[in-house]
Amino acid sequence: MNRLLSILDWLFIVRPTLLFTYWTMLICGLGLHGNMADVSLITIVCICFGMAAANLLNLINDVESDQLNQKLPWISHGLITRQQAKLYMILLYTLCFTGLAFRAGMVTLISSIILFAVLGMLYNTGSKPFKSQPFLSLLILSVIGVGLWVIGVAAVGAIGSFNWIALTGYSSAWIAVCLISMVPDIKGDRLTNKITFSVKFGANITTRISALLIIIALLYSIYY
């Protein structure tokens, strides 16, 4: 049983349940601009690899705050080493971009590289990563939501008919979720000098802004 659980750690370390939130934005962009049948299974799998790699990049750079917040224990508890996680991340990125280069259009490939790798690096790495700056972190998270939508649109080749009004509604919901997810991590983020939006402005303001954005998304869905 322990051996089986140790194997499953390699699945759960990429946080597969978090992929549902990514796919919500991507499929909504795809569904409003095309047909799911137009996207190959290989493209779908490759995009999943990119999402998983981006999750690993975040996890590798958040070990200290995750330990203080008592969550995501794989690296902090030594179940998987940081070096093993880095090699795993590189493998996932390689599978993602190689597969998309052969099976998807150039717009899908470039969008995926920017979203999963470039923005992930800006958010998580460097002497002053964007995740430690309240407004830049929120900006990057917002761009990631929009980027997922764009990948969905690009996957069916419909960039020329981009639905900006629909994007506003879905992005509001996405940003609301990003904001509210910061609230439980305030204590650990503050102790590790990760000044997120919720650390700087507090739980009350963060949740109120999140609620306002959800209302905007709700009004969009009712009207359209």
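Rounding to the nearest 0.5 Å gives a distance of 11.5 Å between OG1 of T43 and CD1 of I151. Atom OG of residue S172 and atom CG of residue L218 lie 11.0 Å apart, to the nearest 0.5 angstrom. To the nearest 0.5 angstrom, F116 atom CZ is 12.5 Å from L57 atom CG. Taken from CG in L79 to OG in S6, the straight-line distance is 9.0 Å, to the nearest 0.5 Å. Atom CG in L100 sits 11.5 Å away from atom CD1 in I110 (nearest 0.5 Å). For the atom pair L122 CG and S137 OG, the distance stands at 12.5 Å (nearest 0.5 Å).
Hydrophobic clustering (ILVMFWY, side-chain heavy atoms < 4.5 Å, transitive): W10 and W74 are in one cluster. In terms of hydrophobic clustering, with Ile, Leu, Val, Met, Phe, Trp and Tyr side chains grouped at heavy-atom distances under 4.5 Å, I215 and L167 are assigned to different clusters. Criterion: ILVMFWY side-chain heavy atoms under 4.5 Å apart, direct or through other members. Under it, I165 and L219 are not part of a common hydrophobic cluster. Hydrophobic clustering places L115 together with L139 (ILVMFWY residues linked when any side-chain heavy atoms are closer than 4.5 Å, directly or through intermediates). Note on I180: it does not cluster hydrophobically with F135, by side-chain heavy-atom contacts below 4.5 Å among ILVMFWY residues.
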(request) Report the C-alpha separation of N58 and Y123 in whole Å, then their side-chain angles, then the decisive distance to 0.1 Å, and conclude whether the side-chain contact (heavy atoms from CB on, under 4.5 Å) test is met. (result) CA-CA 8 Å; N58 177 257; Y123 185 77; 3.8 Å; yes

(request) May I have the step-by-step check of side-chain contact (heavy atoms from CB on, under 4.5 Å) for S171 and W149, ending in yes or no? (result) CA-CA 9 Å; S171 294; W149 178 280; over 6 Å; no

(request) Check step by step if side-chain hydrogen bond (donor to acceptor under 3.5 Å, both in side chains) holds for T207 and S210. (result) CA-CA 5 Å; T207 51; S210 180; over 6 Å; no

(message) With side-chain hydrogen bond (donor to acceptor under 3.5 Å, both in side chains) as the criterion, how do N55 and Y22 come out once you've worked through the C-alpha distance, each side chain's angles and the decisive distance to 0.1 Å?
(response) CA-CA 11 Å; N55 284 346; Y22 300 159; 2.6 Å; yes

(request) Run the numbers on I140 and I144 for side-chain contact (heavy atoms from CB on, under 4.5 Å), then give the verdict. (result) CA-CA 6 Å; I140 287 291; I144 287 172; 3.9 Å; yes

(message) Before you tell me yes or no, could you show the steps for I195 and Q133 under side-chain contact (heavy atoms from CB on, under 4.5 Å), namely the whole-Å CA-CA distance, both residues' side-chain angles and the distance that decides it to 0.1 Å?
(response) CA-CA 6 Å; I195 311 302; Q133 304 176 59; over 6 Å; no

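Heavy-atom contacts from other residues, nucleotides or ligands closer than 6.0 Å to CD1 of I7 number more than 12. R103 CZ: 12 or fewer foreign heavy atoms inside a 6.0 Å radius.
Here the side chains of L26 and M51 are in contact, with some heavy-atom distance below 4.5 Å. Side-chain contact between L141 and I175 is absent, with no heavy-atom pair separated by less than 4.5 Å. Inter-residue side-chain proximity for L109 and M106 is flagged as met; some heavy-atom pair is nearer than 4.5 Å. Between F130 and L119 there is no side-chain heavy-atom pair separated by less than 4.5 Å. Looking at heavy atoms from C-beta onward, I209 lies in side-chain contact with L179 at the 4.5 angstrom threshold. Residues L138 and T196 fail the side-chain proximity criterion, which asks for heavy atoms closer than 4.5 Å. Between Y170 and L32 there is a side-chain heavy-atom pair separated by less than 4.5 Å. Here the side chains of L148 and W174 are in contact, with some heavy-atom distance below 4.5 Å.
Scanning all heavy atoms of the two residues, the minimum distance from S111 to V150 falls at OG-CG1, 4.0 Å. For C46 against L95, the heavy-atom pair with the smallest separation is SG-O, 3.8 Å.
Taking the charged nitrogens against the carboxylate oxygens, K194 and D185 have no contact shorter than 4.0 Å, which rules out a salt bridge. Using a 4.0 Å cut-off between charged side-chain N and carboxylate O, D189 and K131 make no salt bridge.
No close placement of the Y88 and Y93 rings is indicated, their centers lying 6.0 Å or farther apart.
In this structure K187 satisfies the salt bridge (Lys or Arg N to Asp or Glu O under 4.0 Å) test with no other residue, sequence neighbours excluded.
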